[in-house]
Amino acid sequence: MIVSQQFVQLLVMVVSGIAVGFIIDSVRLIVFSTPKRSSLRKWMMVLELLTWILLGGLTYYLLFWLKDGAWRAYDPLAQIAGIFLYQTFFQSFLRFVARIIVNITWKPFWFIVRLIIAIIRQILHIFMKIGAFVLRPFVKIYSYLSYTLFKKFRYIKYNKRQQ
């Protein structure tokens with residue numbers, strides 16, 4: 001019974017390694033599906049580092065849940081073997097699945113975000129044009145008054161120097 005339990009735990013660690021490989025590959029796929037000037041691409045290294053930290057914490061939680069916190073030397077080896085299995089056998093199929101998911105969810109989401117930003121920019125542009133049109137007479141009056149007052153002030157200041 002103990003040997004079968006250890007074997008199941010080993011298989012769970014290998015499967016978690018496959019999941020880690022898939023998640024990291026999916027994060028990279030999502031980042032590279034954004035436009036080149038996207039801030040997500042600029043922060044890719046930080047995002048990937050945070051993903052690795054999160055996956056490390058989840059792996060620790062899996063070990064804690066599965067083995068009551070006991071850690072064996074073969075656990076990280078099993079997870080690394082799972083990552084290698086993902087890259088060798090499952091990467092092409094799961095990357096295809098991830099691309100379908102990205103095309104169905106992420107790209108329409110990104111399109112909607114860009115559409116909302118474009119609409120907001122157009123609305124602000126319209127408000128600025130309306131504001132410029134409404135304020136144009138006041139600006140002309142202000143510029144005329146400031147020019148004439150400045151001219152008078154300069155004339156008064158010049159005359160005081162003369163006296």
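For R28, the side-chain hydrogen bond (donor to acceptor under 3.5 Å, both in side chains) partners at least two apart in sequence or on another chain are E48. Annotation: side-chain contact (heavy atoms from CB on, under 4.5 Å) contacts of L49 (sequence neighbours excluded): I53. Residues passing the side-chain contact (heavy atoms from CB on, under 4.5 Å) test with F84 are I80, Q87, sequence neighbours excluded.
The salt bridge (Lys or Arg N to Asp or Glu O under 4.0 Å) contacts involving residues 50-63 comprise nothing, where partners must be two or more places apart or lie in separate chains. Residue pairs meeting the salt bridge (Lys or Arg N to Asp or Glu O under 4.0 Å) criterion with at least one member in residues 128-137: none, sequence neighbours excluded. Note on residues 28-53: no pairs pass ring-ring contact (aromatic ring centres under 6.0 Å, His included), not counting sequence neighbours. Every pair tested for salt bridge (Lys or Arg N to Asp or Glu O under 4.0 Å) that includes a residue from residues 7-23 fails, sequence neighbours excluded, so the list is empty.
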Got a list of side-chain donor-acceptor pairs under 3.5 Å for residues 105-126, not counting sequence neighbours?
| residue | atom | partner | partner atom | Å |
| --- | --- | --- | --- | --- |
| T105 | OG1 | I101 | O | 2.6 |
| W106 | NE1 | S33 | OG | 3.4 |

In residues 8-25, what donor-acceptor pairs under 3.5 Å come from side-chain atoms, sequence neighbours left out?
| residue | atom | partner | partner atom | Å |
| --- | --- | --- | --- | --- |
| S16 | OG | M13 | O | 2.7 |
| S16 | OG | Q79 | NE2 | 3.3 |
| D25 | OD1 | R95 | NH2 | 2.9 |
| D25 | OD2 | Y86 | OH | 2.7 |
| D25 | OD2 | R95 | NE | 3.0 |
| D25 | OD2 | R95 | NH2 | 3.2 |

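No more than 12 heavy-atom neighbours from other residues, nucleotides or ligands sit within 6.0 angstrom of CZ on F89.
Criterion: ILVMFWY side-chain heavy atoms under 4.5 Å apart, direct or through other members. Under it, F133 and I130 are not part of a common hydrophobic cluster. Under a hydrophobic-cluster definition in which Ile, Leu, Val, Met, Phe, Trp and Tyr are linked whenever side-chain heavy atoms come within less than 4.5 Å, directly or via other members, L40 and V27 are assigned to the same cluster. Cluster membership for Y60 and L55, using ILVMFWY side-chain heavy atoms within less than 4.5 angstrom, is not shared.
Other members of the cluster containing M128 do not exist, because no ILVMFWY side chain is joined to it at under 4.5 Å. Connectivity analysis of hydrophobic side chains (ILVMFWY, heavy atoms under 4.5 Å, direct or indirect) links I104 to F96, I100.
Between L62 atom CG and W65 atom CH2 the span is 7.0 Å, to the nearest 0.5 Å. Here CG of L58 is found 11.5 Å from CG of L63. Values are rounded to the nearest 0.5 Å.
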